[in-house]
Amino acid sequence: MFKIAKNFTKKDILFIVICISFVVFQVFLDLRLPDYMSEITRLIQSERSTMSEILKQGLYMVMCAFGSLATAIVVGYFASHLSSSFTRTLRKKIFIKVENFGMEEIKKFSTSSLITRTTNDVTQLEMLIAMGLQMMCKAPIMAVWAILKIVNKSLEWSILTAVLVFILLITIGSIMILVLPRFEIVQKLVDKVNGVTRENLTGIRVIRAFNAEKFQINRFEDVNDELTKTQLFNQRCFSVLNPVMNLIMHALTLGIYFIGAVLIESAGIIDKITLFSNMVVFSSYGMQVIMSFLMLAMIFMMWPRAQVSARRINEVLETDETIKDGNFNGKTKIHGEVEFKNVTFKYPDADEYLLKNISFKVNPGETIAFIGSTGSGKSTLINLVPRFYDVTAGEILIDGVNVKNYKLESLYNKLGYVSQKAVMFTGTVESNVAYGESNNKKTKDVIKEAIKVAQGEEFVLKMDGGYGAHIARGGTNVSGGQKQRLSIARAIARDPEIYIFDDSFSALDYKTDAVLRRELKKHTKDSTIMIVAQRIGTIMNADKIVVLDKGECVGIGKHKELLKNCQVYKEIALSQLSKEELENA
């Protein structure tokens, strides 16, 4: 919990100091009330007192009460401002940290867990700070101050108060021991609920197509029931606090008056007045002590879950990023050269290597393609260039410089990446194509040209609004082929040195595929193109084709060379095209 305090800014610390100052003043005013009450009691019992003296003390009581109310409002305002400011800063830090994560860290935490940590866990801390500054600071100050006020009033009353406070502390401690381990379970179960809900929403078409609504409902109910049972246990434990608190408060009141009655009965006439006055004061201060511990109990109800949340947030913030930023600014004499030198790779949690000793070189302006059976490592290989993962052994050079030495921003400015799964963002056609930063200024003409080259002009102009047409989240209002063409247009508009197409033509028909590649070649004649594809027709005109089989390079060359020299490539080709088609290609 204390590690998370490092995220407080100087302004936040100033607010904390202001809050604590006002809390101390509020406690002072609250604890002055019994003193005035005692004085009024003494004046009422004194024959020489006048009404004006009694009213004067009453006026002081009213002023203290309103002063306490005013300070409470000020403390509430500053506490709310501080908690919202702190959580805003914390969410920003988590977001930036997650943005800098590599795929290894994303998979370690899972998407649903990161969402929970950014929302639910941060909210737990916000509630603790907002309530804590008002109660956590006030309760111990009030308890200690009130105890010092009553410690010399009566030994009997002091012992009674101490015994009841001890019982209260034992109750709170027992509840904490039972509940604290289960709060961590609660947060993990919230992750699971978010995960299942997210799957239900993203996979709604498949769920309906397979008539699996009941199956998904049962999955959700299983996770939700487990969360409900755990939370019910926690709340039942906490529900013990309320009756115990009421019992202790009533017991304290009865005990003070019972002991007071015994003491007053055995005292002299003069001492009876003093004892009665002390009993009234002690009763008020004793209730203040118990109320202080009641406030602490309320914080203790929030503390365990907030502590777990703080630990989960710290796990994210303290995670070392595997993809480290380099120092090279990206300015080179060569533009578009890519070289793999004995590249070997395996995933962090895997035992076997996925890629083994891959070596090739692509010169500026050339097109290189990668083909192989499913699971041969094509997408993994091409994803090493933008450093989604770093190589296990060997090195990748871009323009003669190891990719690990580049500043990530400089590296990405050299690349135009089109992922295997076309990704669309909420907005318009224009905003999706112009997405991101690059060295190229994306004017409206550049965007239109990119869409035209990507063979998207025809369907875009038919959409309501044309280039300003709305794109729903995830691109659910356009087809798979249309999404791919807009993704390709996004890369073209970037005008990079190196294009990376990770099986980005699979949703296109053969005619559109052929026309798009022809126009792309004209538009990107000075750029290097790297293509992962399943279709022979997509890659047969590439300058170099790399054939992968079980993570190893089994052939490099042009289409006709590989047909003669590479059995794996020949088998893939014959599975798609006839001998006549291959010979005439």
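No experiment lies behind these values; they were computed from the predicted model shown.
Atom CG of residue L411 and atom CD1 of residue I323 lie 10.5 Å apart, to the nearest 0.5 angstrom. Annotation: the span from L254 atom CG to H250 atom NE2 amounts to 8.5 Å, rounded to 0.5 Å. For the atom pair CZ of F109 and CD of E105, the computed distance is 8.0 Å after rounding to the nearest 0.5 Å. Between the CG atom in L252 and the OH atom in Y257 there is a gap of 10.0 Å [rounded to 0.5 Å]. Note: T87 OG1 to D121 CG = 13.0 Å, rounded to the nearest 0.5 Å. In this structure, the separation between CD on Q124 and CD1 on I313 is 9.5 Å, given to the nearest 0.5 Å.
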Step by step, work out the side-chain contact (heavy atoms from CB on, under 4.5 Å) result for L128 and Q307. CA-CA 10 Å; L128 181 68; Q307 188 176 17; over 6 Å; no

Please step through side-chain hydrogen bond (donor to acceptor under 3.5 Å, both in side chains) for the pair T428 and S431, ending with a clear verdict. CA-CA 5 Å; T428 62; S431 68; 3.3 Å; yes

Go through it in stages, so that I can follow the logic: the residues are T322 and D390, the test is side-chain contact (heavy atoms from CB on, under 4.5 Å), and I'd like the CA-CA distance, side-chain angles, deciding distance and then a yes or no. CA-CA 8 Å; T322 53; D390 273 338; over 6 Å; no

Step by step, would you call T426 with I471 a side-chain contact (heavy atoms from CB on, under 4.5 Å)? CA-CA 6 Å; T426 306; I471 298 293; over 6 Å; no

Going through the checks in order, is the side-chain contact (heavy atoms from CB on, under 4.5 Å) test met by V163 and I159? CA-CA 6 Å; V163 169; I159 291 172; 4.3 Å; yes

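Two rings, from F238 and F233, have their centers 6.0 Å or more apart.
Side-chain N/O atoms of N327 and Y406 include no donor and acceptor closer than 3.5 Å.
Around OH of Y417, the count of heavy atoms belonging to other residues, nucleotides or ligands within 6.0 Å exceeds 12. Open room surrounds OH on Y60; 12 or fewer heavy atoms of other groups in view lie less than 6.0 Å from it. Heavy-atom neighbours of F25 CZ from other residues, nucleotides or ligands within 6.0 Å: at or below the threshold of 12. Counting heavy atoms of neighbouring residues, nucleotides and ligands inside a 6.0 Å radius, atom CG of D464 does not exceed 12 of them. Around atom CZ of F425, more than 12 heavy atoms belonging to other residues, nucleotides or ligands sit under 6.0 Å away.
Between the side chain of R182 and the main chain of L178, a donor-acceptor pair closer than 3.5 Å is present. Checked by atom type and distance alone, the side chain of N120 never pairs as donor or acceptor with a backbone atom of T116 at under 3.5 Å. A donor-acceptor contact shorter than 3.5 Å is absent between the side chain of N405 and the backbone of G326. S21 places a side-chain N or O within donor-acceptor distance of the main-chain N or O of V17, the cut-off being under 3.5 Å. A donor-acceptor contact shorter than 3.5 Å is absent between the side chain of N432 and the backbone of R490.
In this structure, the side chains of R494 and Y435 stay at 4.5 Å or more apart for every pair of heavy atoms. Between E126 and F86 the shortest side-chain heavy-atom distance does not fall below 4.5 Å. At a threshold of 4.5 Å between non-hydrogen side-chain atoms, the residues N383 and Y389 do not count as touching. Using a 4.5 Å heavy-atom threshold, the side chains of K421 and K483 count as separate. Contact of the N100 side chain with the D325 side chain is not registered, since no non-hydrogen atoms from C-beta on lie closer than 4.5 Å. Residues T197 and F220 have side chains in contact (heavy-atom distance under 4.5 Å, counting atoms from C-beta outward). When side chains are defined from C-beta on, T253 does not count as touching M249, because their heavy atoms never get closer than 4.5 Å. V429 has its side chain within reach of L486: a pair of non-hydrogen atoms, C-beta onward, lies under 4.5 Å apart.
What you find for V316 and F101 is that their closest heavy atoms are O-CZ, 3.6 Å. Between A493 and V446, the closest heavy-atom pair is O-CG1, 3.9 Å. Shown here for L90 and L317, the closest heavy-atom pair between the two residues is CD1-CD1, 3.9 Å. Closest approach of A72 and Q26 over heavy atoms only: CB-NE2, 3.5 Å. Nearest heavy atom pair, residue E430 against residue I447, reads CG-CD1, 3.7 Å. Heavy atoms only, all atoms of each residue included: S239 and P243 are closest at O-CD, 2.9 Å.
Sorted by first and then second residue, the pairs that involve residues 108-119 and meet salt bridge (Lys or Arg N to Asp or Glu O under 4.0 Å), not counting sequence neighbours, are R117-E315. Residues in residues 71-99 take part in these salt bridge (Lys or Arg N to Asp or Glu O under 4.0 Å) pairs, two or more places apart or across chains: K97-E321. Within the structure, every pair that satisfies the salt bridge (Lys or Arg N to Asp or Glu O under 4.0 Å) test and touches residues 186-196, not counting sequence neighbours, is listed here: D191-R312.
Looking at residues two or more places apart in sequence or on another chain, you find a side chain to side chain contact (heavy atoms under 4.5 Å, CB included) between T111 and I115, R198.
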Let me check something: any side-chain donor-acceptor pairs from residues 78-85 under 3.5 Å, sequence neighbours excluded? List them with distances.
unit_1	atom_1	unit_2	atom_2	d
S80	OG	G76	O	2.9
S83	OG	A79	O	3.1
S83	OG	S80	O	2.9
S84	OG	S80	O	3.0
S84	OG	H81	O	3.0
S85	OG	D12	OD1	3.3

Side-chain donor-acceptor contacts of residues 168-176 below 3.5 Å, not counting sequence neighbours, with atom names and distances?
unit_1	atom_1	unit_2	atom_2	d
T171	OG1	I167	O	2.9
S174	OG	I170	O	2.8

